[in-house]
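The structure appears right after this line, and notes come after that.
Proteins get letters first, then strands, A, B, ... in listed order; numbering begins at 1 in each.
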Amino acid sequence: MAWYLARRLAASVVVLLAISFCVYLLFYSGPSDPARVLCGKPCQPERLSQIKQFMGTDKSAVVQWVDFVKGLFVGRTYGTGAEAARCAAPCFGFSFDQRQSVTSLIWSRLPITASIAIGGAVVSLIVGMTLGPLAARFRGGVLDGLVRGGSLLLVAMPAYLLGLLAILVFGFQLNMVPVSGYVPLSESPVDWAWHLILPWCVLGLINGAAYARYARNQMLDELGSDYLLAERATGASARRVRRTARRSVWVPVTTLFGIDLALMLGGTIFTEKVFSMHGIGDLLLGGVSSHDLGIVVGTALFGAALIIVGNLIVDIVQGFIDPRVRRG
Amino acid sequence: MAEPRTSVEPALRLRDLTVTFGGAHPVRAVDGVDLDVHPGRVLAIVGESGSGKSATALASIGLLPGSAEVTGSATVAGVDLVTAAESQRVPLRGSSIAMVFQDALAALNPYRTIGRQISDAYRLHHRVDKTAARKRAVEVLDRVGIRDPERRVDDYPHEFSGGMRQRAMIATAIVNNPTVLIADEPTTALDVTVQQQVLDLLTGLTDDLGMALVLITHDLGVVAETADDIAVMYAGRIVETGTVLDVFDHTAHPYTRALLQATPNLDAPSRRLAAIPGVPASGANRPTGCAFHPRCPFAEQVGEACQTVDPHLTPRPGSALHRAACHFTAEQELPHV
């Protein structure tokens, strides 16, 4: 297991570096020049080269990337003298617009996104792992039909549509829950949860619907397997055998779950927009519309890093669920 | 090989066991099977694919899927597993009647250690703590010939070789000292060299534990070496049954003989193996009269009876236990070829 972990960890670092390089190249070779954006109009050439020097974009792309990676580990300083801006490690870049490091911007938005993401993930897991095995158990029945039909609908439904529908029904028509805004957990846990309940349900249902489908199919595959028949032959009851089968259901579900959670932590763009919450998705969206490349690169990389870490955790968890994975 | 102990109560008694798989076109997989398996003896059920031998096995332990309709009786420890409620069957499985499956890799839980699986099976029928169950698992692994069981008990199935996995599955089956053990093609998936070891293990356990062993196989070589009694199945019915000596030396059913001729024999002078002409009949396309008649070399000599009249199992002259269902040999021996 230790060896397996070490290999996975080493591979993750390599992938992360490669991704950072790609993200960096992609954005900085695009048509939008952040220096020009900051320079404004009219823009004198001397002023532009000054800004480029300040941002570090006067160097070659590879050097810029090396600077960026170095910044991730030891931090970096933009410019010199009185104007200098310090970006502490891990430096995900700098927003010259807001004169703040992207790291601190992400950090300030993270509680909101994390609240949405973790709550949504918990709901999705509960939905998927309850409905999936239940549908499998009553295969062909009414519940199974409902789960299959409903999950297909939900999997196909975009989060913003379901979100808007939820706001319309539970917010305006029934007037049960607040439709927008975020209240910090430290301020009022009740209001916090109350404001988040709709986004949780929206994300939880959409992701949970996918888990339910996978869980149902995996459960059915598993229930037809020899090892469960063999377990029954040792005198295990049908109920106990179903419990055994449920363990294997975690294998496909954790794979999806890890990626989904990482994706959501990296910014739930649509959900945040629909429910007017200013999380990382909102930060990214703002960065894109104001041509703030520092924010775009930083949040994109942050999201990529989360997915890689999420994958790593999934691999570790699967190593515990399925011993055969550890050799792979 | 011991003499048949007819006086002793059989460990497993099948009477008129019939299995029908439902649906729009019901298929009778097993059709009126009567069998007795006695403690300490090995009964081999032999037949081609689709002859109903595996369905017979699963019906005996009450593990056929709900889509199968089972009638007749399969009595173990005084309980008829066909009619009994599931709550009555569950405690009998594993303790009175246990089963070894063909593909041990598929039949062992890949997520659990070998020791866990054996001790779980033990704890289903014994109120002991985990330590005691683990001790028992080590003991049983040792009994089935796993070297260094103290260490291997914590291995996962994928860490075992094919032969060891089959031994481990036998260990889960015998951990509660069952009175009947059903082994469904236990050596088919194994290397030839390992096959013999596993068969020796099974017969050794049969003697030591006084179990009744039902060995399901299509390999007559295996039967000759391990079984005491044999039941040959064709299209869901038993067509010939008796002690292995009787059936092999005084073969009464043309199908049995065709099977024997299709089996390679190292001791006999080399000859071409005879294939059985035609396709095997099954419950889905059962011919009228004797199900074997379209493939039978003697059907023409007998005439119409083979196509119209269903032959019953009748005792052979000189041995009440040796019975065959054949019009041609009803009163005579099968001619030598």
Taking side chain as everything from C-beta outward and backbone as N, CA, C, O, which of these in B:Glu86 sits under 4.5 Å from a heavy atom of chain A? Side chain, backbone, both or neither. side chain
CZ (A:Arg139) with more than 12 external heavy atoms under 6.0 Å: no
Just wondering, are more than 12 heavy atoms of other shown residues or ligands nearer than 6.0 Å to CZ in A:Arg148? no
Is it the case that over 12 heavy atoms from other parts of the model lie below 6.0 angstrom from the OH atom of A:Tyr214? no
Using heavy-atom distances under 4.5 Å, tell me whether B:Tyr111 contacts chain A through its side chain, its backbone, both, or neither. both
B:Ala106, part contacting chain A, at a heavy-atom distance under 4.5 Å: both
Got a second to check how far A:Arg232's CZ is from B:Leu58's CG, nearest 0.5 Å? 11.0 Å
Hey, are the side chains of B:Asp120 and A:Thr234 touching, using non-hydrogen atoms and a 4.5 Å cut-off? no
Where do A:Leu229 and B:Phe101 come nearest, in terms of heavy atoms and distance? CD2-CE2, 3.5 Å
Of the listed A:Ser225, A:Gly235, A:Ser248, the one with the largest count of heavy-atom pairs under 4.5 Å with chain B is A:Gly235
Shortest non-hydrogen contact between A:Ala230 and B:Ala107, atoms and distance: CB-O, 3.3 Å
What are the two closest non-hydrogen atoms of B:Pro110 and A:Pro323, and how far apart are they? O-CG, 3.2 Å
Can you tell me which portion of B:Ile61 sits under 4.5 Å from chain A's heavy atoms? Options are side chain, backbone, both or neither. side chain
Does any part of the side chain of A:Arg240, heavy atoms only, come nearer than 4.5 Å to the side chain of B:Val90, both counted from C-beta? no
Counting only heavy atoms not in B:Tyr156, do more than 12 sit closer than 6.0 Å to its OH atom? yes
